[in-house]
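So the structure is just underneath, and the comments pick up after that.
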Amino acid sequence: MSDFPTSARVVIIGGGVVGVSTLYHLAKKGWTDCVLLEKNELTAGSTWHAAGNCPSFSTSWAVMNMQRYSLSLYKNLAAEVDYPMNYHVTGSIRLAHSKQRMQEFARARAMGNYQGLNLALMTPEEAQAAYPFLETHDLAGALYDPDDGDIDPAQLTQALAKGARQMGARIERFCPATGVTQTPDGWIVHTDKGDIACEKVVNAAGYYAQRVGEWFKPYGGRTVPMVTMSHQYFLTDEIPELAAWTAANGRKVPLLRDVDSSYYLRQDKNGLNLGPYERNCRAHWVTPDDPQPDDFSFQLYPDDLDRLEWYIEDAMARVPILGTAGVGRVINGPIPYAPDGLPLLGPMPGVKNAYEACVFTFGITQGGGAGKVAAEWIVDGQPEWDMWSCDPRRYTDYTDQDYCHAKAVETYGHEYAMHFPYHAWPAGRDKRLSPLHAKIKALGGVMGAYNGWERANWFAGPGDDLSEDATQTWGRAGPWQPRIAAECAAVRDHAGVIAISGFTRLAVTGPGARAHVDRLTASTLPKPGRVGLAYFPDDRGRILTEMSVIPQSDDEIWLITASVAQWHDRDVLLRDLPDGVTVHDRSDKYECLLVTGPKARAMLAPLTDADLTLPWLSFQKAQVCGKPCHLLRVSFAGELGWEVHCANEDAAAIYEAILGNGAVPFGMFALNALRIEKGYRAWKGDLSTDYSLLEGGLDRFVNFDKPDFVGKAALLAEKQRGVAKRFVTLVLDDAGAYDAPYMATISHDGAVVGETTSGAFGYRVGKSIALGMLRADLAVAGTKVAIDIYGTQVSATVQADAPLWDPANARIRA
Ligand SMILES: NCCCC(=O)O
C-alpha cells in the first residue's frame with residue numbers, strides 16, 4: 001500500500017532552500033503534519049547553483065532582521081540536525097568609492113549594531129590590512145561585516161530537510177504538483193501520485209512561481225509579479241599567492257563586494273569567484289521565442305562572459321591576483337526577480353489560506369529567516385517583525401509583464417545601488433495615469449509612482465536640474481528644495497492643490513457593516529455625515545493600518561486609505577467577514593484633489609454649492625463645477641482644507657477651475673514636510689506592526705469602552721503594565737544638511753534608546769523634524785538625545801506631546 005500522504009495541514013510547493021526552510025520552521029512551531037512537494041530533487045531550481053554568500057547587510061530593517069536570523073540559525077544548524085556543512089564565516093568587506101556610499105554604510109552600521117550585528121566602518125588602510133591583495137588608492141572607505149561568509153546551498157537545504165523530517169514533516173521528491181482546487185476547508189493539491197487535502201498551501205516554486213500562481217487565479221489570485229534574470233559568476237583556477245596566504249593564515253580572505261562597480265568577489269578553495277550584477281543584464285523566458293521550459297531542473301544557461309567584460313577588468317584592477325588565473329567554471333543560472341528585487345513572502349493576494357514564499361534573489365542568506373516569517377504567517381497569522389517590504393500585497397494589479405521586465409532589469413543592474421530619498425527610479429513608469437497627468441506635467445510636475453499611480457513629487461521651474469545626478473544625495477540639497485519650500489509657503493499663506501491619485505477607496509456594505517468595521521478598529525466610528533480617523537490593530541494590539549472612515553449608514557461604511565495599502569487594507573476588512581457583508585474596491589473610479597491652506601474656502605466657494613461652513617471632519621455630497629463630488633473637510637497638510645473626491649472624468653475641469661481661482665499646485669514631497677509638522681503619521685514608517693497603538697501614541701484613538709475589538713485584550717494588558725517605548729516628535733538642535741532617515745538610531749548617555757520612524761524638514765516651523773520611538777522613561781519634553789544621521793551624531797530634543805504646527809488645531813478648524 002502506498003504511503004503517499006492524502007492529507008496535511010500545509011502543502012508547500014517547491015523544494016528550494018526557502019520551501020524547505022518553511023517546512024522546517026512549521027515543524028519547529030509544532031506543525032509537523034506538513035508536506036513539501038518537489039518536482040525533481042531538492043535544490044533543483046535556483047538553490048543548487050546559488051553562490052551561497054551570506055551577507056547580513058541590508059538598508060531595509062526588515063530584510064536585515066531576516067538575514068541576521070538566518071546567519072544565527074546557520075551557525076548551529078549542522079550540530080542541531082547532525083548534518084555537517086561547508087559553512088565559512090570569513091567576514092566581508094564592502095567597498096565605498098564616495099562619501100555618499102560611506103553615509104549609506106554608516107546608516108546600515110547603526111541599524112546593524114542595533115540588531116546586535118558587529119558591522120564596522122573601515123578606512124581604506126584597514127580594508128587593505130584585512131585584505132592584502134586589495135588596491136585601495138581610490139576608495140573612500142569600507143564596511144566590515146564579520147558575520148558574512150559562504151555556505152554550501154545544497155548542504156544547507158539538506159540540513160533543513162533533515163531537521164524537518166526529524167520532527168515529522170514529509171518531503172515528496174520527484175513529485176510535481178499539477179494543480180490546486182479550493183475546498184470549503186482549504187485546498188486539494190493535485191499530483192501524479194495522488195491528491196493531498198490540506199488547510200493551507202504555499203507557493204515556494206522559485207522561478208516557476210508565476211506558473212504555480214496561475215492555478216490560484218480562479219480563486220481570486222493574480223499573476224505573480226516576477227521575471228527570471230540570468231546571473232553569472234565564474235570560478236578561477238587556483239591562484240598560488242592566494243593559496244600561500246591561506247596556508248600561512250589558516251583562513252580565507254574576507255568576501256569582497258565592490259558595490260559601486262557592482263560585483264562580489266569571494267575566495268572559493270584557493271581561487272576566486274567573481275559575480276557581477278551587470279547593467280547590460282539579460283532576462284529570460286519573457287518573449288515567445290524564449291519560452292520557459294517545463295523542466296529546467298539542474299540546468300544552466302550558456303556562458304555569456306562577454307557581458308561581464310567591464311566588470312572582470314574592473315575587478316582585476318581592484319584585486320590584481322584575479323588576473324593571474326584562468327577562468328575555470330562559469331555558472332549562468334536563472335534567478336527570479338520581483339520588480340524591486342525583494343521576495344514575495346506572506347499572504348497570497350486575494351486568495352484565502354494561501355501564501356507566497358517565492359521570488360528570492362538572495363535566497364541563501366534570506367532562506368532561514370524567510371522560513372521563520374512564512375511559518376509565522378501560516379501558524380500565527382502575523383510575523384514577529386513588520387515584513388511589509390517583502391509582503392506580496394505591495395504589488396497590485398498594475399504589475400503587468402512589461403512592468404516586471406523593465407523593473408527587474410533596472411533592479412538587477414542596480415542591485416547594489418544607493419536608494420536616495422529624492423530619487424524616482426525611471427523604469428516601469430506611467431502604469432496608471434490620472435486624468436490630470438498631462439496637465440500636472442505641463443505645470444512642471446516631477447513625478448513619482450505610488451502603487452503604480454503617477455503623482456507629482458514636486459513642481460520644477462525653469463532651469464531646474466532634473467538629471468539623475470542631481471538626486472544622488474542623502475541631504476537636503478537639489479533644485480527641489482527651494483521649490484518644496486515655496487510650495488509649503490503657498491499652502492501656509494494662501495492655498496495649494498494636490499492630486500492624490502489612486503487613493504484606496506473601500507466600501508463595506510450589507511446588514512451589520514458598521515458593527516463589522518467597529519469590531520476591527522480600536523477607534524470610535526463617527527456618525528453619518530462625519531469623517532473619523534480609525535486605527536486597526538492586530539491581535540497583539542500592534543498597528544496594522546489607519547483609515548479614514550465615512551459611514552453612510554449602519555449598512556454602508558466607506559473607507560479611504562493609502563494607495564499602496566490597497567490590497568493590505570482590503571484584507572484587514574475581510575477578516576471574519578459576516579455573511580451578507582461585502583467589501584468593494586472603488587479605487588479606480590475616482591480622483592482626489594486636496595485643496596488646502598487658509599484661502600482654501602475662497603478657492604472653492606465660487607465653484608460649489610457645498611456648505612463650506614460645516615466643521616472639521618465633516619462629510620457632504622455637493623456639486624463642484626456642476627459635477628457631483630464628495631467633500632471631506634480634512635487636510636493631511638494640517639491647514640484648512642477639503643478633499644474633493646470626484647469621478648475621474650470630471651477631475652480635469654475641477655482641477656483647472658481650482659487652479660484658475662489661484663490655488664498653487666504642490667507635490668508629495670511638500671505634503672510630507674507639512675504632515676510631519678502636524679505629527680501626522682505615515683503608514684509603514686511611523687505606523688507599523690513593530691509598534692502597538694499605545695506605543696505609537698495613539699491612545700486617544702483607542703476606545704476601551706467598546707465591548708470588544710481586535711487586539712483589545714492585548715492593549716488592555718499593555719495599558720496595565722505600561723509601554724516600553726513611546727512615540728515622540730524630535731527636533732534636530734541644528735538642522736544641518738540632512739534630515740533623519742527611517743530607522744536612524746537614537747542614543748541617550750551613549751546607549752541606543754530608540755529609533756526614528758520618519759524625518760523631514762518642516763518649512764513652516766523652519767526645523768528638521770524626526771518622528772520616532774523612544775524608551776518610555778525618556779519620552780518627555782526637553783530630553784536631549786543624539787540621532788545617528790548617516791554616521792554623524794546629531795543632537796535633538798524631545799518635543800511636548802503636541803504638534804509643532806498649530807498645536808491647538810485652530811487653523812484646520814478655521
Ligand atoms: N547570491 C547573491 C549574492 C550577492 C551578494 O553576495 O552580494
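Whatever order the structure lists ligands and atoms in, that order sets their numbers, starting from 1.
- Legend: salt bridge (Lys or Arg N to Asp or Glu O under 4.0 Å) pairs involving residues 140-157, not counting sequence neighbours, sorted by first then second residue: K75-D147, D148-R257, D150-K252, D150-R266.
- For H49 and F298, the gap between ring centers reaches or exceeds 6.0 Å.
- Enclosure of atom NZ in K269 is not indicated, since only 12 or fewer non-hydrogen atoms of other residues, nucleotides or ligands lie within 6.0 angstrom.
- Using the six-membered ring where Trp is involved, Y264 and Y233 have ring planes that are tilted, between 30° and 60° apart.
- Using the six-membered ring where Trp is involved, Y208 and W285 have ring planes that are parallel, under 30° apart on the 30 and 60° scheme.
- For ligand 1, the protein residues placed under 4.0 Å by at least one non-hydrogen atom are N53, R257, Y264, Y277, F362, Y416.
- Under the 4.0 Å criterion applied to side-chain N and carboxylate O atoms, E41 and R173 are assigned as salt-bridge partners.
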